[in-house]
Amino acid sequence: NAGVMQNPRHLVRRRGQEARLRCSPMKGHSHVYWYRQLPEEGLKFMVYLQKENIIDESGMPKERFSAEFPKEGPSILRIQQVVRGDSAAYFCASSPEDLTGARGYTFGSGTRLTVV
Amino acid sequence: GQQLNQSPQSMFIQEGEDVSMNCTSSSIFNTWLWYKQDPGEGPVLLIALYKAGELTSNGRLTAQFGITRKDSFLNISASIPSDVGIYFCAGQLVNNAGNMLTFGGGTRLMVKP
């Protein structure tokens, strides 16, 4: 029973490059959430997606950031033209369709993005 | 936006001691959660609280959902070295728009054997 799978675990990008972070939710989960954690801080909500739909992107910067959760395949968080301030740990969580609260809310191990 | 104030920011205690940490919010939540995060890993759920006033235990951990729905505390009794890590509170407002979490800033716990 695989959990939420994120890859890569570590990603190094030069300023101006693109970063693509992938998240495969738990089997049977159709809701995906992305959170960002800056060093020494708590997690901050970015975006909430269901299959093929963005439900809430209120926490995601308007510029350079985008997210998708296609019908087939993992959810992708894309950061274009990365800057040093994008360096952080990015966590994905998934929950089942019935939204039974946090009992169904499982986090992946995260992708640590370093921009050099 | 909603903010959670978590205290203390860090604690350095002796093995065997009890630990207490708390969170307060400027807004009401209908669920309070406590997570532990180990280095290089994602948060792992420890305790979930769903009703105001609820007191819940999980082994040596006890947490309470404040009666005002704006605060929660977590106690760890008889701490052991493997309790080391960062503990986060999180508030959740479950509604038709989703069930996003608002996290506190974390309490870094260090346990001296």
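First the proteins, then the strands, lettered A, B, ... as listed; each starts at 1. The structure presented is a predicted model; accordingly, all values stated were derived computationally and were not measured. Only heavy atoms go into these numbers, but all of them, side chains included; no hydrogens, no water, no symmetry mates.
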- Sequence neighbours excluded - salt bridge (charged side-chain N to carboxylate O under 4.0 Å, His left out) pairs with any residue from residues 55-83 of chain B: Arg60(B)-Asp83(B)
- Message: Which atoms of Gln9(B) are under 4.5 Å from chain A, going by heavy atoms: the side chain, the backbone, both sets, or neither?
- Response: neither
- Engaged part of Gln6(A) at the chain B interface, taking heavy atoms whose separation is under 4.5 Å: neither
- Sequence neighbours left out, what pairs pass disulfide bond (SG atoms under 2.5 Å apart) with at least one residue falling in residues 41-76 of chain B? none
- Message: Just so I understand: if I count every heavy-atom pair under 4.5 Å between each of Gly106(B), Gly105(B), Gly104(B) and chain A, which residue has the most?
- Response: Gly105(B)
- With respect to chain B, which residue among His10(A), Arg9(A), Lys44(A) yields the maximal number of heavy-atom pairs within a distance under 4.5 Å? Arg9(A)
- Exam field: side chain Ser20(B) to backbone Asn75(B), donor-acceptor pair closer than 3.5 Å: no
- Would you call Val111(B) and Ile80(B) a side-chain contact if the rule is heavy atoms closer than 4.5 Å? no
